[in-house]
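Nothing here was measured: the structure is a model prediction, and the numbers come from that model.
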Amino acid sequence: MNGSQGFYQEIARRLDHALSFCDDTKAVLIGEGTLAATGEFFSQLFPNSKAFIVADETTYELAGKAADKSLRDKGIETEDAYIFREPHMHAEMRLVDALRPKFESTNAIAVAVGSGTINDLCKYASSLVNRPYMTCGTAASMDGYTSFGASIEYNETKQTFSCPAPRGVLIDMNVLAKAPQKMSAAGYADLIAKIPAGADWLLADLLGTEPIDSIAWKLVQDNLREWVSNPLGVAVGDPRALASLVEGLIMSGLAMQKAKTSRTASGAEHQFSHLWDNQHHAYNGEAPSHGFKVGIGTISTSALYEHILSTWTEASFQSAVDNVDKNFRSWETIEKELEERFGTTGLYETVKRECRKKYVEPEEQRRRLLLFKDAWPELKVKLEEQLLPASQIQELICLSSAPSIPEEIGIDRERLHKSYQLAQQLRYRYNVLDWTQDMGLWKESVDVLFESGGFWSF
């Protein structure tokens with residue numbers, strides 16, 4: 001057995017273990033030259049079914065033609081490919097609406113050839129006709145291949161629509177190696193985000209708002225340090241580094257399937273990205289990738305955690321408990337604040353709904369703070385074991401060739417500072433931003449990051 005074969009067999013073994021916990025995805029194939037096996041892979045997943053390729057112009061040339069040939073060589077009845085022909089497209093409802101008639105006109109199974117956008121469009125369109133599909137991934141750019149739900153822009157906001165993950169995912173490493181390097185860098189930033197996201201889940205688990213699913217936790221966290229251990233390899237396109245990266249991204253999606261929530265892979269760092277998505281942020285004429293925005297969010301939340309762990313004490317929690325009534329912000333106060341910050345955008349109603357869901361009265365806030373106070377010695381150790389220093393996260397992201405300072409995606413320090421507060425109000429999911437707000441230590445913990453000597457100071 002050669003080393004390469006053994007390497008991919010180990011990946012297959014770990015993925016097969018993860019698949020045993022999932023309802024939607026039945027098979028994942030990662031290797032070199034696997035695109036030629038598309039027909040065999042399809043026939044095992046969808047016996048006696050017709051197929052059609054969904055791709056964009058780039059991915060069709062890169063992999064769609066070869067996948068189509070493999071399907072036909074296997075004797076599978078194949079309809080004409082559906083090819084999106086617009087540049088810089090992203091997943092939005094108008095493209096789902098354009099694709100849907102194709103699905104309604106046939107009983108063929110879609111083979112999505114692409115990465116995040118193509119996969120999400122196919123995932124949601126397939127669900128609308130209650131039909132499974134499969135994916136041939138073309139880049140290690142995000143963890144959405146095997147996740148439940150599709151991220152689609154609708155009514156001016158990015159929303160996650162509940163729908164099944166693909167039945168099968170095929171990854172040809174020879175194809176991934178040809179993808180633009182920035183896509184692998186984006187995937188790396190999305191994967192390393194699971195480090196602070198795990199810390200946020202520890203907070204939510206302690207409060208009981210989102211208890212940790214131990215199996216899903218292990219699927220993501222057990223091998224995470226290994227998957228992100230070679231950022232330079234990702235930058236230069238080393239095959240094993242890319243294979244480890246795509247394994248981690250697919251495993252992250254499988255964990256979401258198992259837990260039926262993105263809590264396994266997403267925390268406050270993703271809320272920075274969603275905020276900038278919904279602000280329609282662009283830099284040099286185009287929107288920075290999801291992974292690049294998440295990377296800056298990951299450094300931002302890591303810096304906050306690092307400051308918290310070095311400055312908060314049991315006395316901090318006792319002070320927060322003693323000052324609950326003084327620091328309490330009524331719903332009317334919060335609602336007025338939301339209207340001032342979001343009232344002119346399509347995001348306003350969504351943010352108001354999310355904030356209302358996480359709003360608590362003083363007694364509940366006091367109970368939570370006492371929980372944190374009592375658990376602090378043990379919690380602090382857990383968080384220190386889970387997290388990496390912000391400067392180390394920043395260096396790793398930089399080595400992968402992903403942006404590691406906000407200006408590299410067109411976000412200046414003043415806007416980043418404001419984004420901490422806006423991101424905190426974006427979603428119900430409890431995280432380090434909510435924790436800081438509840439403690440009444442926003443100025444001492446967030447604002448200080450931007451002062452002289454702070455992490456984000458010049």
Side-chain angles (χ1 to χ4, degrees), residues 155-160 196-197 200-201 203-210 261-263 266-281 297 300-301 304-305 307-308 312 316-317 319-373 411 414-450:
N155 285 343
E156 297 184 53
T157 63
K158 205 72 171 284
Q159 301 182 35
T160 299
D200 282 348
W201 202 2
L203 301 182
D205 178 69
L206 179 60
L207 292 186
T209 59
E210 288 179 286
T261 172
S262 61
R263 175 91 254 188
S266 170
E269 76 294 326
H270 270 68
Q271 292 179 206
F272 283 83
S273 177
H274 297 323
L275 171 68
W276 296 327
D277 280 342
N278 288 311
Q279 291 175 334
H280 305 287
H281 173 64
S300 299
T301 58
L304 176 55
Y305 266 120
H307 186 79
I308 285 170
W312 289 10
S316 305
F317 291 95
S319 176
V321 171
D322 293 342
N323 287 288
V324 164
D325 292 328
K326 176 184 174 184
N327 293 331
F328 177 69
R329 295 155 71 239
S330 69
W331 173 247
E332 289 73 23
T333 298
I334 295 171
E335 190 172 26
K336 183 179 179 182
E337 194 174 82
L338 295 175
E339 188 170 2
E340 291 171 353
R341 292 173 175 168
F342 298 98
T344 59
T345 71
L347 193 56
Y348 172 61
E349 291 299 331
T350 299
V351 171
K352 186 166 73 169
R353 181 174 64 250
E354 291 295 302
C355 282
R356 185 61 187 173
K357 281 161 57 178
K358 68 179 176 182
Y359 172 79
V360 296
E361 297 290 346
E363 277 309 304
E364 172 61 15
Q365 189 157 331
R366 186 175 288 106
R367 183 191 73 83
R368 291 181 173 190
L369 292 171
L370 285 169
L371 269 179
F372 282 127
K373 176 178 178 291
I411 301 289
E414 182 180 359
R415 182 172 177 185
L416 180 63
H417 190 178
K418 292 178 180 177
S419 293
Y420 275 83
Q421 187 68 73
L422 297 177
Q424 185 269 326
Q425 295 179 315
L426 198 65
R427 194 166 185 184
Y428 161 72
R429 179 165 289 160
Y430 199 88
N431 57 58
V432 66
L433 300 175
D434 298 306
W435 194 28
T436 306
Q437 184 74 61
D438 287 350
M439 287 287 289
L441 293 173
W442 194 269
K443 185 179 187 308
E444 296 84 348
S445 303
V446 174
D447 294 350
V448 71
L449 299 177
F450 294 85

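Between Arg429 and Asp200, no side-chain nitrogen of the basic residue sits less than 4.0 Å from a carboxylate oxygen of the acidic one, so the salt-bridge criterion is not met. Note on Glu339 versus Lys336: no salt bridge recorded, every NZ/NE/NH1/NH2 to OD/OE distance being 4.0 Å or above. Salt bridge present: Lys418 and Glu414 bring a charged side-chain N and a carboxylate O closer than 4.0 Å. Comment: Arg341 engages Glu337 in a salt bridge, judged by a side-chain N to carboxylate O separation of less than 4.0 angstrom.
Between the CH2 atom in Trp442 and the OH atom in Tyr420 there is a gap of 9.0 Å [rounded to 0.5 Å]. Of the inter-residue distances, the one linking Trp201 atom CH2 with Leu206 atom CG reads 14.5 Å to the nearest 0.5 angstrom. Summarising the geometry, atom CG belonging to Asn278 is positioned 11.5 Å from atom CD belonging to Gln271; distances are rounded to the nearest 0.5 Å. Rounding to the nearest 0.5 Å places CG of Leu371 at 6.5 Å from CG of Leu207. Rounding to the nearest 0.5 angstrom, the gap separating the CG atom in Leu422 from the NE2 atom in His274 is 15.0 Å. Atom NE2 of His270 and atom OG of Ser273 lie 6.5 Å apart (nearest 0.5 Å).
Here the side chain of Gln424 pairs no donor or acceptor atom with the backbone of Leu433 at under 3.5 angstrom. The backbone N or O of Tyr428 lies less than 3.5 Å from a partner atom in the side chain of Glu354, making a donor-acceptor pair. Of the possible donor and acceptor atoms, one in the side chain of His307 sits under 3.5 Å from a partner among the backbone N and O of Glu444. In this structure a side-chain-to-backbone donor-acceptor pair under 3.5 Å is present from Thr301 to Gly297. Proximity of a side-chain donor or acceptor of Asn327 to a complementary backbone N or O of Val324 within less than 3.5 Å is not detected. Checking side-chain atoms of Asn323 against main-chain N and O of Ser319 turns up a donor-acceptor pair under 3.5 Å.
Annotation: side chain of Arg368 is in contact with side chain of Thr209 (closest heavy-atom distance under 4.5 Å). Looking at Leu426 and Leu347, their side chains come closer than 4.5 Å, going by heavy atoms from C-beta outward. Inter-residue side-chain proximity for Gln279 and Arg415 is flagged as met; some heavy-atom pair is nearer than 4.5 Å. In this structure, Thr160 and Ser262 have side chains that are not in contact, with every pair of non-hydrogen atoms separated by 4.5 Å or more. Counting only heavy atoms from C-beta outward, the side chains of Lys358 and Asp434 approach each other to under 4.5 Å.
Considering all non-hydrogen atoms of both residues, Gly267 and Ala197 come closest at N-CB, 3.7 Å. Counting all heavy atoms, side chain and backbone alike, Ser419 lies closest to Trp276 at OG-NE1, 3.0 Å. Nearest approach of Ala204 to Arg263, heavy atoms of both residues: CB-NH1, 3.5 Å. In terms of heavy atoms, Leu275 sits closest to Ala423 at CD2-N, 4.1 Å.
Between Tyr359 and Phe328, the angle of the ring planes lies from 30° to 60°, which puts this pair in the tilted group. Note on ring orientation: taking the six-membered ring where Trp is involved, the planes of Trp435 and Trp312 are perpendicular (angle over 60°, cut-offs 30° and 60°).
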### side chain to side chain contact (heavy atoms under 4.5 Å, CB included) between Gln425 and Phe342, intermediate numbers included
CA-CA 10 Å; Gln425 295 179 315; Phe342 298 98; 3.8 Å; yes

### Task
Kindly indicate, with the supporting measurements, whether the criterion side chain to side chain contact (heavy atoms under 4.5 Å, CB included) is fulfilled by Lys443 and Val448.
CA-CA 6 Å; Lys443 185 179 187 308; Val448 71; over 6 Å; no

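Counting heavy-atom neighbours within 6.0 Å of Lys357 NZ, excluding the residue itself, gives a total above 12.
Each of Leu416, Ile411, Val446, Val432 was checked for a side chain to side chain contact (heavy atoms under 4.5 Å, CB included) with Ser300, and the lone residue meeting it is Leu416.
Side-chain contact annotation: Gln365 with Arg329, donor-acceptor N/O pair under 3.5 Å absent. Judged purely by distance below 3.5 Å, without hydrogens or angles, the side chains of Asp438 and Tyr430 pair a donor atom with an acceptor atom.
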